[in-house]
Amino acid sequence: MRLHGLRSRCCLPPSVCGLLLLAAFQPVHADTYSLIVSGLGGEPEYEQKFREQATTLAEAAHTLTGDASKAVTLAAQQADRNSVRRELRALAAKAGPDDAVIVTLIGHGSFDGEEYRFNLPGPDVTATELGALFDQLRANRQLIVNATSASGAVIERWKSERRIVITATKNGGERTATRFAKYWVQALAKPDADINKDEIVTVAEAFDFASRRVAGEFESEKSLATEHARLEGSGADRFQVARFGVAARVTADPELNELFAQRVRLERDLDGVKQRRQVIAEGAYYNELEGVLVRIASLQRQIDARQAVHP
């Protein structure tokens with residue numbers, strides 16, 4: 001894709017050009033598959049909390065994809081080592097290079113100085129095992145969110161050019177039960193993390209939201225922070241993890257979903273142009289207004305044509 005050429009020919013305001021470039025990075029025929037694993041809680045309070053978080057994430061994944069079958073949740077006794085391995089192998093078989101894969105681990109982890117372990121009913125699964133399974137995924141867009149204690153120990157082992165890795169802690173030494181998962185779930189369940197108000201939450205927006213909320217919670221308690229989240233990998237500002245309102249994927253057609261999302265972005269930019277009516281020259285105002293309206297009209301023709309073929 002010749003991004004420089006696209007930018008030089010763009011007749012719209014810079015903000016619209018940027019949004020269209022963002023859309024260009026999203027494969028129109030791609031699917032997003034999610035695996036959510038809720039590990040051992042150890043105590044009834046944690047068990048319930050982890051289950052509720054997993055359920056909320058599954059709902060957000062359904063809204064993102066428009067297809068509940070693309071989100072698998074393992075919780076309680078179902079979240080054992082063999083089941084986790086089976087589902088990751090299934091993801092490797094189902095998700096192709098153009099698809100996206102999101103794996104979220106909720107619960108407790110441990111680190112003995114050499115190996116990280118995700119605590120599950122029965123035998124734990126290690127970072128080495130999980131890393132080997134992640135490497136079998138064919139998807140070129142991968143997001144691994146490890147929201148457990150001691151999760152920072154996996155960063156170096158799981159890093160990949162095709163993968164974004166998020167951990168709730170900066171290393172394996174931060175072993176206290178984490179708060180990051182609570183706010184990561186909130187970022188995907190409510191539009192509060194949507195900084196640019198396009199009704200789409202990216203990995204970068206969700207991570208920033210959760211990290212700030214965790215830090216704010218420790219500050220309000222006037223206590224020493226026991227966790228510091230990390231993000232490694234590129235493309236976090238383009239990887240979508242949640243949609244709201246009109247931008248939510250409401251059809252089974254990925255291309256139509258993306259067209260709807262583009263329309264939301266352009267309509268919001270149109271509002272921005274109108275709000276600047278009194279502060280820019282009349283000629284510049286009408287040029288910007290015309291540019292956005294032409295784009296919206298062209299996009300609507302694409303939507304109408306797509307709906308006629310895929311009602």
Side-chain angles (χ1 to χ4, degrees), residues 35-54 56-57 73-77 79-81 83-85 88 102-134 143-160 163-188 203 206-233:
L35 173 61
I36 303 152
V37 185
S38 173
L40 282 176
E43 300 175 9
E45 177 186 355
Y46 284 115
E47 294 282 357
Q48 180 177 353
K49 179 170 66 174
F50 295 159
R51 283 197 301 270
E52 290 174 352
Q53 290 172 346
T56 302
L57 285 176
T73 301
L74 298 176
Q77 296 304 309
D80 58 25
R81 177 171 172 265
S83 297
V84 171
R85 292 167 62 88
L88 284 172
I102 303 173
V103 178
T104 308
L105 309 180
I106 301 171
H108 296 305
S110 62
F111 181 62
D112 61 10
E114 294 185 3
E115 185 68 89
Y116 164 88
R117 287 177 169 79
F118 179 36
N119 301 158
L120 299 172
D124 294 338
V125 63
T126 68
T128 301
E129 290 178 286
L130 289 170
L133 290 164
F134 295 153
L143 170 65
I144 312 298
V145 181
N146 188 342
T148 73
S149 47
S151 52
V154 308
I155 283 280
E156 297 304 321
R157 295 193 182 194
W158 292 358
K159 282 198 307 186
S160 167
R163 184 179 304 147
I164 299 170
V165 180
I166 291 176
T167 59
T169 74
K170 65 180 179 181
N171 54 44
E174 294 186 332
R175 303 179 182 183
T176 305
T178 66
R179 311 181 188 202
F180 182 84
K182 174 174 66 174
Y183 293 116
W184 177 263
V185 170
Q186 284 186 19
L188 272 60
V203 171
F207 179 80
D208 179 68
F209 174 88
S211 299
R212 285 188 289 104
R213 290 300 177 93
V214 168
E217 191 171 293
F218 281 112
E219 289 175 5
S220 67
E221 295 173 358
K222 300 186 184 310
S223 59
L224 183 66
T226 57
E227 63 184 88
H228 303 81
R230 292 179 61 185
L231 183 154
E232 296 288 341

Can a donor-acceptor pair be found, under 3.5 Å and without considering hydrogens, that links the side chain of [X] to the backbone of [Y]?
X: S211; Y: A229; answer: no
X: T169; Y: S151; answer: yes
X: R175; Y: F111; answer: yes

Open item on the list: Strictly by salt bridge (Lys or Arg N to Asp or Glu O under 4.0 Å), give each pair with a member in residues 114-133 just once, sequence neighbours left out.
Closed with: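 Residue pairs with at least one partner in residues 114-133: R81-E129, R85-E129, D112-R117, E115-R157.
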TODO: Output every pair passing salt bridge (Lys or Arg N to Asp or Glu O under 4.0 Å) with a member in residues 42-53, not counting sequence neighbours, ordered by first then second residue.
DONE: none
Any residue meeting salt bridge (charged side-chain N to carboxylate O under 4.0 Å, His left out) with [X], in chain and number order, not counting sequence neighbours:
X: E174; value: none
X: R213; value: none
X: K159; value: E156

Less than 4.5 Å apart, any side-chain heavy atom of [X] and any of [Y]?
X: L224; Y: T226; result: no
X: I166; Y: L231; result: yes
X: T176; Y: S149; result: no

Atom pair [atom1]/[atom2] of [X] and [Y] - distance to nearest 0.5 Å:
X: L40; Y: I106; atom1: CG; atom2: CD1; result: 13.5 Å
X: K170; Y: I155; atom1: NZ; atom2: CD1; result: 13.0 Å
X: I102; Y: I164; atom1: CD1; atom2: CD1; result: 9.5 Å

Can you see which heavy atom on [X] is nearest to which on [Y], and at what distance?
X: A79; Y: L120; result: O-CD2, 3.2 Å
X: G173; Y: N171; result: N-OD1, 2.9 Å
X: F180; Y: A168; result: CB-CB, 3.6 Å
X: A127; Y: V154; result: CB-CG1, 3.9 Å

TODO: Let me know which of V125, V37, I144 forms a side-chain contact (heavy atoms from CB on, under 4.5 Å) with L130.
DONE: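 Among the candidates, only V125 passes.
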Task: Contacts of type ring pair (Phe, Tyr, Trp, His ring centres under 6.0 Å), residue F50, not counting sequence neighbours - done: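 With sequence neighbours excluded, F50 shows a ring pair (Phe, Tyr, Trp, His ring centres under 6.0 Å) to Y46, H108, given in chain and number order.
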Open item on the list: H228: which residues meet the ring pair (Phe, Tyr, Trp, His ring centres under 6.0 Å) condition with it, sequence neighbours left out?
Closed with: none
Task: Stepwise side chain to side chain contact (heavy atoms under 4.5 Å, CB included) check, F218 with R179 - done: CA-CA 10 Å; F218 281 112; R179 311 181 188 202; 3.4 Å; yes
- [ ] Only counting residues at least two apart or in another chain, list the ones meeting side-chain hydrogen bond (donor to acceptor under 3.5 Å, both in side chains) with S220.
- [x]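 Counting only residues at least two positions away or on another chain, S220 forms no side-chain hydrogen bond (donor to acceptor under 3.5 Å, both in side chains).
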Task: Residues forming a side-chain hydrogen bond (donor to acceptor under 3.5 Å, both in side chains) with Y116, sequence neighbours excluded - done: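 With sequence neighbours excluded, Y116 shows a side-chain hydrogen bond (donor to acceptor under 3.5 Å, both in side chains) to N146, T148, given in chain and number order.
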- [ ] Return the set of residues passing side chain to side chain contact (heavy atoms under 4.5 Å, CB included) with A206 (not counting sequence neighbours), or none when no residue passes.
- [x] W184, A187, L188, V201, V241
Task: E227/K182 ion pair, N-O < 4.0 Å - done: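 Not counted as a salt bridge, because no side-chain N and carboxylate O are separated by less than 4.0 Å.
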